[in-house]
Amino acid sequence: MNLSPTGARRVRTRVAPSPTGDPHVGTAYVALVNYCFARKHGGDFILRIEDTDRARSTPESERAILEALHWSGLSWDEGPDVGGPFGPYRQSDRSAIYVRYADELLASGHAFRCFCTPERLEAMRAAQRAAGQQQKYDGHCLTVSPEESARRAAAGESFVVRMKVPESGVCIVHDLARGEIPFEFSTVDMQVLLKSDGLPTYHLANVVDDHLMEITHVIRGEEWVSSAPKHLLLYEYFGWEPPALMHLPLLRNPDKSKLSKRKNPTGILFYERMGYLPEALLNFLGLLLAPAPEGQEIFGVDVLIERLDLAKISLGGPVFDAAKLDWLNGQYLRALTTDELLARTAAWGFDRTRLERIAELAKSRIERLSDLAPTAGYLFAGRLAVTKDSFAGTKLDDDVLRKALALAMWRLDAERTFDKEVVERVLKGVGETLAVKFRDLSRVYYVAMTGSATSLPLFDSMELLGRDLCRERFRVALDPFGGVSAKEQKEWMR
RNA sequence: GGCGCCAUAGUCUAUCGGUUAGGACGCCGCCCUUUCAAGGCGGAGAGACGGGUUCAACUCCCGUUGGCGCUACCA
């Protein structure tokens with residue numbers, strides 16, 4: 001049941017990123033629509049951290065996401081950093097709430113404890129796969145009586161809580177842009193609601209929180225369409241009114257696959273380090289959200305708020321067109337006064353602290369003041385023009401070289417923090433893996449990161465450049481060698 | 001494999017049955033200009049395919065094909 005945007009309830013939207021990696025432009029995109037929709041209707045926009053995945057969530061990532069979103073210029077009325085009347089806004093701080101609701105479902109018979117081992121589940125799926133059947137929970141623990149279930153749980157046996165799903169019937173999902181989407185209940189899995197560590201899965205947490213936080217419109221990525229029936233079912237089990245749903249198309253790589261780090265820069269902070277203005281980035285994303293009247297493609301968030309119409313959002317997955325972003329950014333740069341341009345440039349990469357550090361690194365390596373710019377220039381650049389020839393001086397053959405670049409890139413990505421110590425440890429580790437003296441290997445990294453085999457210290461340079469720019473430089477360096485295939489990635493990562 | 005979403009130029013899009021299918025990025029050309037940009041002007045370039053419905057289909061319906069998503073004790 002859809003709520004009218006002009007209905008009695010105050011409109012409340014949210015963006016709910018999971019702190020499991022670098023802040024993604026997709027998050028900014030989803031945040032932007034939710035922000036504008038809330039503003040358009042005089043409502044509230046909430047930021048909630050979905051960190052129920054204990055293994056992958058990190059505080060570093062959460063901090064980075066808040067920082068990136070703040071940089072973009074978006075702000076939220078409630079969130080982990082600003083508080084609000086519906087807190088806490090970090091799901092790991094709400095664990096007890098989910099357990100309570102899971103118990104409620106258990107008591108009402110809408111959910112059951114599942115004691116199946118991962119091994120059994122894996123074997124079950126393998127069999128279903130082999131038989132060409134749909135893969136879903138077979139209902140094994142559905143037969144455990146409530147009494148036995150309670151007893152086994154009390155005895156300390158490990159279990160998860162799964163939701164029950166009707167065996168037949170159809171669930172109609174009302175999507176604000178797509179209309180009615182029918183799902184046979186028989187194709188809906190008995191989703192795990194509470195994991196054996198006592199934390200909820202997205203499905204439970206999201207429904208409980210959206211209800212308690214009085215979210216009226218859930219505007220999220222298309223990847224959630226197929227789990228919408230589960231969510232709707234949970235609202236029904238709880239006796240709650242579901243929010244209106246809207247699924248946004250996913251941002252794509254130029255080859256139309258889902259925008260991914262392996263093929264493209266996806267980090268918000270990458271765009272910041274490259275020197276894009278946040279207003280240009282938001283304008284670019286806004287272009288994917290609201291059709292621009294002819295010749296009026298340059299507009300700010302205020303205009304987007306006016307133009308936004310969820311039902312009119314184009315549903316084809318838009319390719320993230322970096323060339324158009326470049327053009328837009330140029331437009332914004334040109335619109336700045338010289339004073340503004342200088343101020344923004346200074347704030348971007350020429351702040352006193354950074355310059356001091358660079359000066360110290362460069363001091364012993366320059367003989368004239370005029371040497372400074374050529375020596376440190378790469379620290380203020382985006383992508384570097386490196387070719388195969390740039391690596392000519394290295395003693396490594398192409399394959400080892402590719403591996404050296406790729407391993408460094410992936411291993412650095414896997415690190416929680418990115419500073420000179422981490423960089424040093426990781427790069428030297430790659431040397432050990434490849435059984436190459438670091439002295440020979442470092443040259444490769446110097447070329448890829450600084451564009452030259454002779455420049456300021458590598459580890460400091462990389463820290464100064466930052467994770468996102470370094471990743472991109474690795475990618476660019478790998479390019480003339482044909483990149484790395486997904487298959488190789490799998491092999492090399494072992 | 002199963003389920004679902006999507007489908008106008010290379011890319012982002014307009015069109016809500018009747019248009020020479022409009023705009024933007026990119027590309028090409030011209031103008032401006034000491035160069036290069038920027039800016040101005042112009043150009044090439046699109047309805048995936050096959051069936052219906054209709055006086056009329058890019059637009060509605062069905063199928064095919066293709067792309068994408070989901071198919072975890074990840075979100």
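Here the structure is a predicted model, which is why all the values come from computation and not from measurement. Atoms considered below: every heavy atom in the structure, side chains included; atoms not considered: hydrogens, waters and symmetry mates. Residue numbers start from 1 in every chain, and the chains themselves are labelled A, B, ... in the order their sequence lines are given, proteins ahead of strands.
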Rounded distance in Å between the [atom1] positions of [N] and [M]:
N: B/C25; M: B/C68; atom1: C1'; value: 24 Å
N: B/G47; M: B/C55; atom1: P; value: 27 Å
N: B/G51; M: B/U13; atom1: P; value: 30 Å
N: B/A57; M: B/G1; atom1: C1'; value: 36 Å
N: B/C27; M: B/C5; atom1: P; value: 38 Å
N: B/C58; M: B/C49; atom1: P; value: 11 Å
N: B/U15; M: B/U59; atom1: P; value: 15 Å
N: B/G4; M: B/G10; atom1: P; value: 31 Å

For [X] and [Y], take the angle between the two ring planes, folded into 0 to 90°, and tell me which bin it lands in: parallel under 30, tilted 30 to 60, perpendicular over 60.
X: A/His217; Y: A/His41; answer: parallel
X: A/Phe284; Y: A/Phe320; answer: perpendicular
X: A/Trp240; Y: A/His211; answer: parallel
X: A/Tyr101; Y: A/Phe238; answer: perpendicular

Say whether, by atom type as modelled, one donor and one acceptor occur between the side chain of [X] and the main chain of [Y] under 3.5 angstrom.
X: A/Ser108; Y: A/Glu104; answer: yes
X: A/Arg467; Y: A/Leu412; answer: yes
X: A/Arg473; Y: A/Leu384; answer: no
X: A/Lys40; Y: A/Leu308; answer: yes
X: A/Asp175; Y: A/His247; answer: yes

Residues [X], [Y]: salt bridge by 4.0 Å N-O rule:
X: A/Asp468; Y: A/Arg471; result: yes
X: A/Arg120; Y: A/Asp138; result: yes
X: A/Arg12; Y: A/Asp77; result: no

Atom-to-atom span, [atom1] of [X] to [atom2] of [N] - whole angstrom:
X: A/Ile313; N: B/A14; atom1: CD1; atom2: P; answer: 11 Å
X: A/Glu222; N: B/C3; atom1: CD; atom2: C1'; answer: 14 Å
X: A/Leu250; N: B/C68; atom1: CG; atom2: C1'; answer: 8 Å
X: A/Asp255; N: B/U11; atom1: CG; atom2: C1'; answer: 13 Å
X: A/Lys256; N: B/C5; atom1: NZ; atom2: P; answer: 19 Å
X: A/Ile298; N: B/G39; atom1: CD1; atom2: C1'; answer: 13 Å
X: A/Asp175; N: B/G69; atom1: CG; atom2: C1'; answer: 14 Å
X: A/Phe284; N: B/C12; atom1: CZ; atom2: P; answer: 9 Å

Within the 4.0 Å heavy-atom criterion, would you say [X] contacts the bases, only the backbone, or no part of the nucleic acid?
X: A/Phe183; result: sugar-phosphate
X: A/Ser57; result: nothing
X: A/Pro182; result: sugar-phosphate

Which one is paired to [N], where only Watson-Crick or G-U wobble pairs with both distances under 3.5 angstrom count?
N: B/U64; answer: B/A48
N: B/A72; answer: none
N: B/U8; answer: none
N: B/U59; answer: none
N: B/U54; answer: none
N: B/C27; answer: B/G43
N: B/A21; answer: none
N: B/C16; answer: none

Quick one: do A/Asp209 and A/Tyr98 satisfy side chain to side chain donor-acceptor pair (under 3.5 Å)? Show the steps, please. CA-CA 9 Å; A/Asp209 285 346; A/Tyr98 310 117; 2.6 Å; yes

For A/Glu167, is the CD atom crowded, meaning more than 12 foreign heavy atoms sit under 6.0 Å from it? no

Sugar-phosphate atoms are those with a prime plus P, OP1 and OP2; base atoms are the rest. Using that split, label each nucleotide of nucleotides 70-75 of chain B B, S or - for protein heavy atoms under 4.0 Å, 5' to 3'. SSSBBB

Using a 4.0 Å heavy-atom cut-off, write out nucleotides 19-25 of chain B from 5' to 3' as B (base contacted by protein), S (sugar-phosphate only) or - (no contact). ---BBBS

Which of these passes side-chain contact (heavy atoms from CB on, under 4.5 Å) with A/Ile49: A/Pro59, A/Ser61, A/Ser57, A/Pro80? A/Pro80

Who passes ring pair (Phe, Tyr, Trp, His ring centres under 6.0 Å) against A/Tyr89, sequence neighbours left out? none

Using ring pair (Phe, Tyr, Trp, His ring centres under 6.0 Å) as the criterion, list what pairs up with A/Trp410, not counting sequence neighbours. none

Pull out every residue in residues 330-349 of chain A that has a heavy atom closer than 4.0 Å to any atom of RNA chain B, ordered by number, or say none. A/Gln331, A/Arg334

Please list, in numerical order, the residues of residues 95-104 of chain A that have a heavy atom closer than 4.0 Å to any atom of RNA chain B. none

Mapping A/Leu287 and A/Arg252 to their closest nucleotides on RNA chain B, which lands nearer the 5' end? A/Leu287

Nearest listed nucleotide, side chain of A/Val319, among B/U13, B/U11, B/C3: B/U11

Starting the side chain at C-beta, find the nucleotide from B/U13, B/G67, B/C5 nearest to A/Pro291. B/U13

